[in-house]
Structure formats: C-alpha cells, structure tokens
Colleague: 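Take this structure first; my questions come after.
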Amino acid sequence: MTDAVTIGIIGDGFMQPAFFENALRDALPDRELSIRSMQIDWPLRLKSTKHDPTLPVGEFVGRPEEYFDFLRDLDILITHLAPITADSLDHAPRLKTIAVSRGGPVNIEMAAARDRGITVVNTPGRNASAVAEFTVASLLAETRNIIRGHQIVASGKFGREFYHYDNTGPELCELTVGIVGYGDIGTRVARLLQPFGCGILIYDPFKELTQTEIDAGFEKTDLDDLVARADVVTLHPRVTPETRGMMSRKRIAMMKPGGYIVNTTRGQVLDYDALYDALVSGQLKGAALDTFEPEPPPADWPLLKLPNVTLSPHIAGASRYSATKAATMIAGDIKLILDGKSPRFPCK
C-alpha cells in the first residue's frame, strides 16, 4: 500500500475546502489521503490585495507568513488566494505540487517554485462560461435599460420614460460587437452572441479563426480597426505589459458615436477617466463595468454616479459551476501527478 499523501487545502467562501476534498476523494478512491483544511474569511470579511510592492505576487489574501505553519509537512498544496512566495516554500520542505484554482498563478512566486522543482497547476477556463454569460447579460442590461427599469419600479413608481423612443436602446441584432481577447472567454462570448444576429469582430494577435468561425461571418482584424467599426467593444484580454491601458483615451475617441464598452476582465486594460469623459459628453451611450482600476473604486468616484453605466462588484466569474469545475480540474491533475503522469494544466 502506498504511503498517505498529505494535502493541504486553503479555501475561502467561494472556493470552499469541501469542494476540493470531495473532488479528490472521487478522483482518488483507492489512495490514502491525509487532508487538512483551512478556510479564510474571503470575500465577506477579508479583502484581496491586488498589488504589494514588497511581494513578488498579486491578487492574494493575507500575508505569506500567516500560512507558514499550515504549509509544514505538506506534499501537495491547493489554494485559491493564499500568497505563496519563496519564504513560504522554505517552510514547506516536502512540497512537490501546488494547485491554484484560478486562471493564472498570479499569487504564486513561480520562479521560486521552479527553482525547487515544484510542479504548479492551475484551472484555465474554469469560469469562462460564467464570465461569458455575465458579459452578454451586462450588455443587455445596459442597452435595454433593465437595471434602470428595475430601479423605477422598486422605487414605487411605474414610469414609462424608457418607452419613449429617445430613451430606448438598440437590439443586439443591430450591433457589431468587437471582442478584444479571443481566449476561453472571448470565444464563448462570440458563440453566445451569434444567435442574436450580431456582427462579430475579433482582435487577438495569438489566435486564428477556424473555418467554421469564418463561415459564420466572424472577422479577425487589428485593434484600431475593431474599435473604429464596432458598436460595442467588450474586453477579455489578460493583463500584460502589452494590454495594460490598451483601451486608451485615443482608442475610445476612435469609437463610433453612441457606442458601448463592456469590461469584465481587469480594470488595468481601460482608461476610466477617458471613459467617464466619453460617457458625459455623449460620445458613448453607455458602459457595463464589472472591474475597475482602482478596485474597489472610491465611493465618490464620479463614474459611479452616471446614469448610463451598469455596474457590478467583480462578480462575473462567480457561479456555482465554476467553483465545482475548478475543484474537479485540480483533482484530475493531482491524480495524474500521483500516477506518475503529466498534468493537463501545468503552469510554466
């Protein structure tokens, strides 16, 4: 019989430890597992830190030293938001595998893990369907006055102002949607929009369209052409030096009068001051925003007070299915590793 494998799970209020443990026991019914768990009080009490100049990681909760004792004697660590640095790994001499339940291992010091021969796996695409659905829902909410209509009725009125032609919005079948970033999320957004009859423009320098997509009328183009031709620009790239600030004041000014911007990726890709000016001036008709820079935005930020924006608190990826899917993906890769095989989702 093989020795027990010691697995530590650092979960939270979204990626709950039980999801991982259940998935592991389903994937490894014959393996002796010693599992210990802790759950941090995120997102209700604790807040995540996007950037800390003193640490080589991002988008994490807590300080590395808060987890040192938990890491001792682990063979495998599963985490969502704990910051894992070189100092962390010095407190985990047995650690051979780290599994991160997110699209990118931004909270792991990858160079330190590589130096120690530690395998890191993650869960790319685990919330792609959730974010894609939310993107289309946000676009509909903004263009068709859904939130504003709700607010009127909830206030005790039954105002009909949004039936006045001047206040109505377009149907999706009228619109050309420009999708910036054509990975797991962007491709799903395109597929969801297709039955509505939208025109689809794609910008992604790393992806080519399939013949099926070309036959469906999807068109790949450069970013400036997409911005100039699209009625809606929806943003889905990862944050890199190349994409940071890519939707700049200059590009926003290139958009069609009466256009819309949707951002469900990260705030760093969009110039929010320029967006505010375009919304106030009437150059753009509306925006739907799930992410911000800074995040959370200041309570007195003028953008939050505009009537032509639909706002949400970075919840596009928050679905029950994305949580259990991530746990299943991690359990599958841990099984492969323990069986001496290559994982499906290794991080470089």
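Heavy-atom basis, side chains included; hydrogens, waters and symmetry copies ignored. Keep in mind that what you see is a predicted model, and the values were worked out from it rather than measured.
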Colleague: Would Asp52 and Arg63 pass as an ion pair if we require N to O under 4.0 Å?
Modeller: yes

Colleague: Does one side chain, of Glu242 or Thr240, offer a donor that lies under 3.5 Å from an acceptor on the other?
Modeller: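 Thr240 and Glu242 do have a side-chain donor-acceptor pair below 3.5 Å.
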
Colleague: Can you tell me if Asn263 and Thr291 form a side-chain donor-acceptor pair at under 3.5 Å?
Modeller: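 Asn263 vs Thr291: donor-acceptor pair found between side chains.
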
Colleague: Return the set of residues passing salt bridge (charged side-chain N to carboxylate O under 4.0 Å, His left out) with Asp204 (not counting sequence neighbours), or none when no residue passes.
Modeller: none

Colleague: Give the minimum heavy-atom separation between Asn308 and Glu142, together with the two atoms involved.
Modeller: O-OE2, 3.3 Å

Colleague: Any link between Ile315 and Val189 through a network of hydrophobic side chains (Ile, Leu, Val, Met, Phe, Trp, Tyr) touching at under 4.5 Å?
Modeller: no

Colleague: Treating Ile, Leu, Val, Met, Phe, Trp and Tyr as nodes and any side-chain heavy-atom pair under 4.5 angstrom as an edge, say whether Val106 and Ile98 lie in one connected cluster.
Modeller: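 Looking at the clustering, Ile98 is in a separate group from Val106.
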
Colleague: Testing the 3.5 Å rule here: is there a donor-acceptor pair between the side chains of Asp12 and Gln16?
Modeller: no

Colleague: Any chain of hydrophobic side-chain contacts (each under 4.5 Å) joining Ile261 to Leu226?
Modeller: yes

Colleague: Ignoring hydrogens and angles, tell me if any N or O in the side chain of Gln283 forms a donor-acceptor pair with the backbone of Ile252 under 3.5 Å.
Modeller: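 Yes, the answer is positive, given that a donor and an acceptor are paired below the 3.5 Å cut-off.
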
Colleague: Would a distance-only check, ignoring hydrogens and angles, find a side-chain to backbone donor-acceptor pair under 3.5 Å from Ser319 to Ser322?
Modeller: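 Pair found, side chain donor or acceptor close to backbone of Ser322.
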
Colleague: Can you label the angle between the Trp42 ring and the His80 ring as parallel, tilted or perpendicular, going by 30° and 60°?
Modeller: perpendicular

Colleague: Is it true that the side chains of Asp290 and Ser312 contain a donor and an acceptor less than 3.5 Å apart?
Modeller: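 Looking only at side-chain atoms, Ser312 and Asp290 do form a donor-acceptor pair, the distance falling under 3.5 Å.
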
Colleague: So, are Glu293 and Arg244 salt-bridged, with charged N and O less than 4.0 Å apart?
Modeller: no

Colleague: Could you check if a side-chain atom of Val177 sits within less than 4.5 angstrom of a side-chain atom of Thr234, using non-hydrogen atoms only?
Modeller: yes

Colleague: What's the verdict on salt bridge (charged side-chain N to carboxylate O under 4.0 Å, His left out) for Arg94 and Asp75, showing C-alpha distance, side-chain angles and the deciding distance?
Modeller: CA-CA 5 Å; Arg94 287 174 42 183; Asp75 300 304; 3.0 Å; yes

Colleague: Go through the side-chain N and O atoms of Ser138 and Thr135 and say whether any donor and acceptor fall under 3.5 Å apart.
Modeller: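 Absent: no donor and acceptor within the cut-off.
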
Colleague: Any donor and acceptor pair, going by atom type alone, linking the side chain of Asp225 with main-chain N or O of Thr221 inside 3.5 Å?
Modeller: no

Colleague: Only counting residues at least two apart or in another chain, list the ones meeting ring-ring contact (aromatic ring centres under 6.0 Å, His included) with His236.
Modeller: none

Colleague: Under 3.5 Å, side chain of Lys207 to main-chain N/O of Tyr182, donor-acceptor pair present?
Modeller: yes

Colleague: Check for a donor-acceptor pair, side chain of Lys256 on one end and backbone N or O of Arg229 on the other, with a separation under 3.5 Å.
Modeller: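 The answer is yes, because a donor-acceptor pair under 3.5 Å joins these two groups.
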
Colleague: Would you say Ile152 and Phe158 make side-chain contact, with heavy atoms under 4.5 Å?
Modeller: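 Ile152 vs Phe158: side chains apart.
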
Colleague: Less than 4.0 Å between a side-chain N and a carboxylate O, is that true for Glu59 and Arg266?
Modeller: yes

Colleague: So do the side chains of Thr6 and Ile76 get within less than 4.5 Å of each other, counting heavy atoms only?
Modeller: no

Colleague: Let me see the working for Ser248 and Asp271 under side-chain hydrogen bond (donor to acceptor under 3.5 Å, both in side chains), right down to the final yes or no.
Modeller: CA-CA 5 Å; Ser248 60; Asp271 184 333; over 6 Å; no

Colleague: Ignoring hydrogens and geometry, is there a side-chain-to-backbone donor-acceptor pair from Asn167 to Glu161 under 3.5 Å?
Modeller: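 A pair under 3.5 Å: yes.
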
Colleague: Not counting sequence neighbours, which residues clear side chain to side chain contact (heavy atoms under 4.5 Å, CB included) with Pro195? List them please.
Modeller: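 Listed in chain order: nothing, the list is empty.
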
Colleague: Excluding sequence neighbours, so at least two apart, what forms salt bridge (charged side-chain N to carboxylate O under 4.0 Å, His left out) with Asp90?
Modeller: Arg116

Colleague: More than 12 foreign heavy atoms under 6.0 Å from NZ of Lys341: is that the case here?
Modeller: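 Check fails, neighbour count at 12 or below.
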
Colleague: What is the minimum heavy-atom distance between Phe162 and Gly149, and which atoms define it?
Modeller: CE1-N, 4.3 Å

Colleague: Is a side-chain donor or acceptor of Thr49 paired with a backbone partner of His51 at a separation under 3.5 angstrom?
Modeller: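 Not a single qualifying donor-acceptor pair exists.
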
Colleague: For Gln211, I'd like to know if atom CD has over 12 heavy atoms of other residues, nucleotides or ligands within 6.0 Å.
Modeller: yes

Colleague: Under the rule for ring-ring contact (aromatic ring centres under 6.0 Å, His included), what residues qualify as partners of Tyr272, not counting sequence neighbours?
Modeller: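 Listed in chain order: Trp301.
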
Colleague: Can you find a heavy atom in the side chain of Phe292 that is under 4.5 Å from one in the side chain of His314?
Modeller: no

Colleague: So, does Arg148 use its side chain to make a donor-acceptor pair with the main chain of Pro307 at under 3.5 Å?
Modeller: yes

Colleague: Spell out, yes or no, whether Leu139 and Val309 are grouped together once hydrophobic residues are joined by side-chain heavy atoms under 4.5 Å, including indirect joins.
Modeller: no

Colleague: Apply ring-ring contact (aromatic ring centres under 6.0 Å, His included) to Phe68 and list each qualifying residue two or more places apart in sequence or on a separate chain.
Modeller: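 Counting only residues at least two positions away or on another chain, Phe68 forms a ring-ring contact (aromatic ring centres under 6.0 Å, His included) with His91.
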
Colleague: If the threshold is 4.0 Å, N to carboxylate O, is there a salt bridge linking Arg344 and Asp333?
Modeller: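 No, no charged N to carboxylate O under 4.0 Å.
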
Colleague: Under 4.5 Å between side-chain heavy atoms, hopping through other hydrophobics if needed: is there a path connecting Leu33 to Phe19?
Modeller: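 Unlinked, Leu33 and Phe19 end up in two clusters.
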
Colleague: Taking NZ, NE, NH1 and NH2 as the nitrogens, is one of them in Arg249 or Asp273 under 4.0 Å from a carboxylate oxygen of the other?
Modeller: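 Judged by the 4.0 Å cut-off on N to carboxylate O distance, Arg249 and Asp273 do not form a salt bridge.
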
Colleague: Quick one: does any side-chain atom of Lys325 pair with a main-chain N or O of Gly125 as donor and acceptor, under 3.5 Å?
Modeller: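 Yes, because the side chain of Lys325 sits within donor-acceptor range (under 3.5 Å) of the backbone of Gly125.
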
Colleague: Could you report the tightest heavy-atom contact between Tyr67 and Pro83, atom names first, then the distance?
Modeller: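 In terms of heavy atoms, the two residues are closest at CE1-CD, 3.5 Å.
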
Colleague: Tell me whether Glu213 is salt-bridged to Arg191, with the criterion being a basic N under 4.0 Å from an acidic carboxylate O.
Modeller: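 A salt bridge is absent here (no side-chain N lies under 4.0 Å from a carboxylate O).
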
Colleague: Please examine the side chains of Leu71 and Ser88, heavy atoms only from C-beta on, and report whether any two atoms are closer than 4.5 Å.
Modeller: yes

Colleague: What are the two closest non-hydrogen atoms of Leu77 and Leu95, and how far apart are they?
Modeller: N-CD1, 3.6 Å

Colleague: I want to check something: taking the side chain as every heavy atom from C-beta on, are Val61 and Lys47 in contact at a cut-off of under 4.5 Å?
Modeller: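 The answer is no, as the side chains (C-beta and beyond) never meet within the 4.5 Å cut-off.
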
Colleague: Examine distances only and state if a side-chain atom of Asn107 and a backbone atom of Ala82 form a donor-acceptor pair shorter than 3.5 Å.
Modeller: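 Pair found, side chain donor or acceptor close to backbone of Ala82.
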
Colleague: Which heavy atom in Arg144 sits nearest to a heavy atom in Pro170, and how many Å separate them?
Modeller: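 Where Arg144 meets Pro170 most closely, the heavy atoms are CD-O, 3.3 Å.
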
Colleague: How close do Ser101 and Thr123 get, counting heavy atoms only, and between which atoms?
Modeller: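 Looking at all heavy atoms of both residues, the shortest contact is C-OG1, 3.2 Å.
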
